[in-house]
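Note sheet for the following structure.
Each chain gets a letter, A, B and so on, in the order its sequence line appears, and its residues count up from 1. Values in this document were obtained by computation on a predicted structure and should not be read as measured data. Keep in mind that the numbers below use all heavy atoms, side chains included, and drop hydrogens, waters and symmetry copies.
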Protein chains: 2
Amino acid sequence: MSVTREKIIELGENLIRSKGYNAFSYQDISTELGIKNAAVHYYFPTKENLGTSIVKTNIQRFEEMVENMHSHGFNERQQLDTFVKIYLKSHREQKLCIIGSLASDFNTLNETTRTELKRMTEIILKWLTDILVTGKEKKLFVFDEEPQSKAFIILSGMVASLQVSRMMDKMDYKNVCQTIISLK
Amino acid sequence: MSVTREKIIELGENLIRSKGYNAFSYQDISTELGIKNAAVHYYFPTKENLGTSIVKTNIQRFEEMVENMHSHGFNERQQLDTFVKIYLKSHREQKLCIIGSLASDFNTLNETTRTELKRMTEIILKWLTDILVTGKEKKLFVFDEEPQSKAFIILSGMVASLQVSRMMDKMDYKNVCQTIISLK
DNA sequence: TTTGGAACTTACTTATTAGTAAGTATATTT
DNA sequence: AAATATACTTACTAATAAGTAAGTTCCAAA
């Protein structure tokens, strides 16, 4: 695959996560890459195309991470910790996650991008739920709630704590993440 | 105060909460109100003015709600339930809360709107923390975490559950809220 | 050596945006 | 009755947005 194409996706993702979908333009990308506006359209004819590709890339990256954890024999706790680490990194970079950024602009997204975003959310929630169920069976986690609700709350907590923490100066973000998962 | 002015603020708030700050225009407002674009600028010269006024109005509304609860002798549990009800209503209306919507666009907001949004977040978090502390003293709530962390997690949970639930079809949102506060 | 395609640029168009300057109608005050 | 203020409209400007059509450069295959 083309290097420029990959750079556009990467830059687009970072722009969405820092400025938001409706605040970034093809000009932002082309200027940064030292190419012309039309060159971005060459790879992604419309902004919808780019948006959808960015979400698809994120899904792929997540699935690769999960596969990677399996092949390394990570247990459920280690897998959950790895997931939380993604958010710790986002917090350090002062960026939102792709779900949180696009969720706010959901009503302005086109159908295909929406569908992919929904799919991504469902994939993560399913993975989280599975991990919670198996981890509980293995007595790695202790909790009383429905695994599905618990998964939903962990994801919501991660997504919004990035958003809210951006508005708070002093914040023990790591501690907040620990409390959110709070699986003894 | 002018009726038109109030209508603009109300409409602007709803537009931010459904489309996002960078996706709505003065045209959206003027068309809906049957007035001209310039009439909106008459009341709010710049979009920054409008954004700031919308946040300020929300702060005022929140403070009035708190005063109202105090004068009605609501205990801490009743107060927390009232707070959660705001989010249940938002969920029914398929809208985000003002904090969640603007948090995503935070980096594109001007300084004054940012400051007001920060102030609003701090006011809510302080109120939540106080309620948790007092409610725990009165043995209305039982929890082990730091009240500040708990307050942060409750707010984050409410904010993001609106965002994430918008992407999920079937959802027991009320149950999720109950689990988030999960104060026995 | 030509042909074809990939990766662009040039040079636009059209639409929409925030914002403004100057004017008008109507009601209120002096 | 004249002056003033309120609440707009008319008619713009300048900037930026997404998107496109046609051309160019360069490399690799036939």
Side-chain angles (χ1 to χ4, degrees), chain A residues 1-55 57 101-102 104-114 116, chain B residues 1-55 57 101-102 104-114 116:
Chain A
M1 228 214 285
S2 157
V3 176
T4 306
R5 192 190 146 90
E6 277 173 13
K7 279 185 186 167
I8 292 171
I9 289 184
E10 197 194 322
L11 237 167
E13 184 188 322
N14 283 322
L15 284 165
I16 290 174
R17 290 172 57 202
S18 57
K19 299 177 68 174
Y21 183 79
N22 290 306
F24 93 91
S25 71
Y26 271 35
Q27 220 63 253
D28 290 333
I29 292 176
S30 60
T31 304
E32 179 75 29
L33 294 185
I35 55 178
K36 297 294 159 186
N37 184 37
V40 185
H41 281 283
Y42 169 73
Y43 288 100
F44 303 97
T46 67
K47 207 177 176 183
E48 310 182 354
N49 291 146
L50 178 55
T52 307
S53 293
I54 289 170
V55 179
T57 305
S101 329
L102 291 180
S104 303
D105 301 319
F106 194 71
N107 288 336
T108 68
L109 301 176
N110 68 302
E111 198 50 44
T112 54
T113 311
R114 262 190 233 198
E116 284 307 303
Chain B
M1 227 215 285
S2 155
V3 176
T4 307
R5 192 190 146 90
E6 276 172 14
K7 277 186 186 165
I8 293 170
I9 289 185
E10 196 194 322
L11 237 167
E13 183 188 322
N14 284 323
L15 284 164
I16 289 174
R17 290 172 58 201
S18 57
K19 298 175 73 175
Y21 183 80
N22 290 305
F24 93 90
S25 71
Y26 270 36
Q27 220 62 253
D28 290 334
I29 292 176
S30 62
T31 305
E32 179 74 30
L33 295 185
I35 55 179
K36 296 295 159 185
N37 183 37
V40 185
H41 281 281
Y42 169 74
Y43 289 101
F44 303 97
T46 68
K47 207 178 175 183
E48 310 181 355
N49 292 147
L50 178 55
T52 307
S53 293
I54 289 170
V55 179
T57 305
S101 329
L102 291 180
S104 303
D105 300 320
F106 194 71
N107 289 336
T108 69
L109 301 177
N110 68 302
E111 198 50 43
T112 53
T113 312
R114 262 190 234 198
E116 284 306 303

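- The backbone N or O of A:L11 lies less than 3.5 Å from no partner atom in the side chain of A:N14, so there is not a single donor-acceptor pair.
- Using a 4.5 Å heavy-atom cutoff, the side chains of A:L33 and A:V40 are not in contact.
- Rounded to whole Å, atom P of D:dA17 lies 13 Å from atom OH of A:Y26.
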Name the pairs: protein N/O against N/O of nucleotides 7-13 of chain D, kept only if under 3.5 Å.
{"residue": "D:dC8", "atom": "OP2", "partner": "B:T4", "partner atom": "OG1", "Å": "2.8"}
{"residue": "D:dC8", "atom": "OP2", "partner": "B:Y43", "partner atom": "OH", "Å": "2.7"}
{"residue": "D:dT9", "atom": "OP2", "partner": "B:K36", "partner atom": "N", "Å": "2.9"}

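- Across all strands shown, A:F44 has no heavy atoms under 4.0 Å from either base or sugar-phosphate atoms.
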Practice problem: Apply side-chain contact (heavy atoms from CB on, under 4.5 Å) to the pair A:L15 and A:E32, showing each step before the final yes or no. | Solution: CA-CA 11 Å; A:L15 284 165; A:E32 179 75 29; over 6 Å; no

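- The distance from atom CG of B:N22 to atom P of D:dA18 is 12 Å, rounded to the nearest whole Å.
- Residue A:N49 contributes atom CG, which lies 13 Å from atom P of D:dA18 at whole-angstrom precision.
- The main-chain N or O of A:S18 is found under 3.5 Å from a side-chain atom of B:N107 such that the two form a donor-acceptor pair.
- Counting only residues at least two apart or in different chains, ring-ring contact (aromatic ring centres under 6.0 Å, His included) contacts with residues 28-54 of chain B comprise B:Y26-B:H41.
- Helix-axis bend for the helix from C:dT1-D:dA30 to C:dT30-D:dA1: the local axis fitted to the five terminal pairs at one end deviates from that at the other end by 10°, rounded to 10°.
- With no hydrogens or angles considered, a side-chain donor-acceptor pair links B:N110 and B:T113 at under 3.5 Å.
- A donor-acceptor pair shorter than 3.5 Å cannot be found between the side chains of B:N49 and B:T52.
- Using a 4.5 Å heavy-atom threshold, the side chains of B:N22 and A:Y21 count as separate.
- The neighbour count for A:E6 CD, taken as heavy atoms of other residues, nucleotides or ligands under 6.0 Å away, is above 12.
- For the pair B:L15 CG and C:dA18 C1', the interatomic distance rounds to 16 Å; values are reported in whole Å.
- Note: CG (B:N110) to P (C:dA18) measures 14 Å, nearest angstrom.
- OP1 and OP2 of D:dT16 both lie 4.0 Å or more from every side-chain N or O belonging to A:S25.
- The NZ atom of A:K7 sits 14 Å away from the C1' atom of C:dA7 (whole-angstrom rounding).
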